[in-house]
Amino acid sequence: MAHLSQSLYSAARPKFPYPGSCGQGIYRQKLTWSRFPVIVECASTDSLTSLTQNNAAEIELKHLVSQHGWDVRRLNRDDEDEIRRVSLVQAEAFHIPLALFNDFFFMFFQAEVLSALLYKLKNSPPDRYACLVAEQASQPETSSSSSVVGVVDVTAQTESSVLRHFPGVEEYLYVSGLAVSKAQRRKKMASTLLKACDVLCYLWGFKLLALRAYEDDAAARNLYSNAGYSVVETDPLWTSTWIGRKRRVLMTKRFS
């Protein structure tokens with residue numbers, strides 16, 4: 001199931017600590033995209049057992065999360081095939097089928113999604129935006145980009161409409177574009193992707209995650225609630241009665 005956290009692809013011009021589960025092995029590599037070098041040791045699917053600063057070396061995670069049979073990592077910015085695969089997963093999830101010329105309009109929609117993704121990858125600092133991808137656990141390193149079957153975007157934002165609910169908080173991470181390939185839905189991949197957002201929030205030193213979902217999308221809201229998100233605001237009634245837009249809820253998750 002695709003869950004719309006924002007009206008993300010209405011245009012191809014996007015606006016610009018808590019230890020989550022990582023598990024199944026210990027990963028120690030370079031973390032070049034963190035605000036500060038860290039070591040992450042993940043020995044269980046329930047928690048990061050250790051996360052400490054290390055000024056002597058830069059460490060990079062192979063996987064942010066590994067649980068429920070899925071591995072979640074950052075998108076490989078240098079892999080054009082993987083970038084196109086990610087745009088396809090999101091386009092298939094968010095495209096609204098049309099009675100006529102559906103294939104034609106889908107092609108343009110995917111192009112818009114790809115354009116938005118390339119723009120964010122090119123113009124966003126690596127510790128302000130991340131595209132996280134999910135694939136089946138224990139994939140060989142030589143596996144193709146087609147192994148990517150889930151994706152979510154995480155972006156640092158400072159919108160006052162969100163921050164007004166949290167005095168003293170200056171910025172937050174916004175979760176959007178959560179999409180899972182149709183054949184892989186209902187297999188806890190979306191939950192695993194959300195857990196990876198928790199881990200990234202901790203690594204980057206943020207204390208607040210936020211997302212939006214449609215008010216009448218019970219499945220999405222239940223998913224987010226189970227992941228620890230709570231509704232803090234609902235779009236005013238006039239957004240649906242006057243301009244005909246589906247009402248959304250703002251959901252947030254705060255870490256102490």
Side-chain angles (χ1 to χ4, degrees), residues 1-16 87 89-102 105-106 108-117 119-120 123-124 128-131 151-180 182 185 190-191 193-194 197-198 201 206-255:
M1 180 178 295
H3 303 293
L4 184 62
S5 299
Q6 186 185 25
S7 160
L8 180 65
Y9 299 125
S10 57
R13 302 177 184 85
K15 295 189 294 182
F16 276 105
S87 71
V89 171
Q90 288 185 316
E92 289 178 341
F94 295 115
H95 175 65
I96 300 175
L98 302 175
L100 296 175
F101 308 111
N102 183 64
F105 284 105
F106 175 80
F108 277 93
F109 182 67
Q110 184 185 357
E112 287 186 351
V113 175
L114 177 60
S115 175
L117 177 58
Y119 181 90
K120 287 181 287 188
N123 294 283
S124 303
R128 302 290 292 178
Y129 167 75
C131 179
V151 58
V152 66
D153 289 319
V154 186
T155 310
Q157 293 188 357
T158 58
E159 290 189 8
S160 59
S161 61
V162 175
L163 294 176
R164 67 184 179 185
H165 299 285
F166 302 94
V169 178
E170 297 181 352
E171 57 185 356
Y172 60 93
L173 289 184
Y174 190 77
V175 178
S176 61
L178 176 59
V180 174
K182 187 175 182 179
R185 294 172 188 172
S191 298
L193 284 163
L194 290 174
C197 295
D198 291 355
C201 185
F206 287 79
K207 296 184 181 297
L208 181 67
L209 286 166
L211 55 82
R212 288 186 172 89
Y214 287 128
E215 183 183 36
D216 61 357
D217 191 342
R221 292 182 60 175
N222 185 60
L223 169 69
Y224 300 138
S225 295
N226 289 337
Y229 289 81
S230 301
V231 175
V232 297
E233 184 181 74
T234 302
D235 283 347
L237 186 60
W238 60 262
T239 59
S240 59
T241 56
W242 292 4
I243 64 177
R245 190 183 73 184
K246 294 177 65 175
R247 295 177 73 192
R248 303 170 302 168
V249 294
L250 172 64
M251 305 183 70
T252 61
K253 182 176 183 178
R254 190 170 186 178
F255 307 112

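Contact check on Lys246 versus Asp217 returns no salt bridge, with no Lys/Arg side-chain nitrogen under 4.0 Å from an Asp/Glu carboxylate oxygen.
Proximity of a side-chain donor or acceptor of Asn222 to a complementary backbone N or O of Ala218 within less than 3.5 Å is not detected. In terms of modelled atom types and a separation under 3.5 Å, the side chain of Arg221 and the main chain of Tyr214 share no donor-acceptor contact. Without hydrogens or angle criteria, Ser115 side chain to Ala111 main chain gives no donor-acceptor distance under 3.5 Å. No donor-acceptor pair under 3.5 Å is formed between the side chain of Lys207 and the backbone N or O of Val169. For the pair Glu92 (side chain) and Lys182 (backbone), a donor-acceptor distance under 3.5 Å is absent.
Residues Asp153 and Lys120 have side chains in contact (heavy-atom distance under 4.5 Å, counting atoms from C-beta outward). For the pair Phe166/Thr252, a side-chain contact is recorded, criterion being any heavy-atom separation below 4.5 Å from C-beta on. Residues Tyr224 and Val249 fail the side-chain proximity criterion, which asks for heavy atoms closer than 4.5 Å. In this structure, the side chains of Leu209 and Phe255 come closer than 4.5 Å at one or more pairs of heavy atoms. In this structure the side chain of Arg245 reaches within 4.5 angstrom of the side chain of Asp235, judged on heavy atoms. Two residues are said to be in side-chain contact when any heavy atoms from C-beta on lie closer than 4.5 Å; Thr155 and Ser124 fail this criterion. Using a 4.5 Å heavy-atom threshold, the side chains of Arg254 and His165 count as separate. Side chains of Leu178 and Leu211 form no contact here, defined as non-hydrogen atoms less than 4.5 Å apart.
The aromatic rings of Phe109 and His95 lie tilted to each other, with the angle between the two planes from 30° to 60°.
By the neighbour-count criterion of 12 heavy atoms within 6.0 Å, atom CG of Leu237 is densely surrounded, having more than that number from other residues, nucleotides or ligands.
In terms of heavy atoms, Ser161 sits closest to Leu250 at O-CD2, 4.2 Å. Contact between Pro97 and Asn102 at its shortest, heavy atoms only, is CA-OD1, 3.2 Å. Contact between Tyr229 and Ala210 at its shortest, heavy atoms only, is CE2-N, 4.4 Å. Here the closest heavy-atom approach between residue Cys131 and residue Val151 is recorded as SG-CG2, 3.4 Å. Among all heavy-atom pairs drawn from Gln110 and Ser87, the shortest one is NE2-OG, 3.6 Å. Heavy atoms only, all atoms of each residue included: Val152 and Ser176 are closest at CG2-O, 3.5 Å.
Of the candidates Arg212, Arg164, Arg248, Arg164 is the only one forming a salt bridge (charged side-chain N to carboxylate O under 4.0 Å, His left out) with Glu233.
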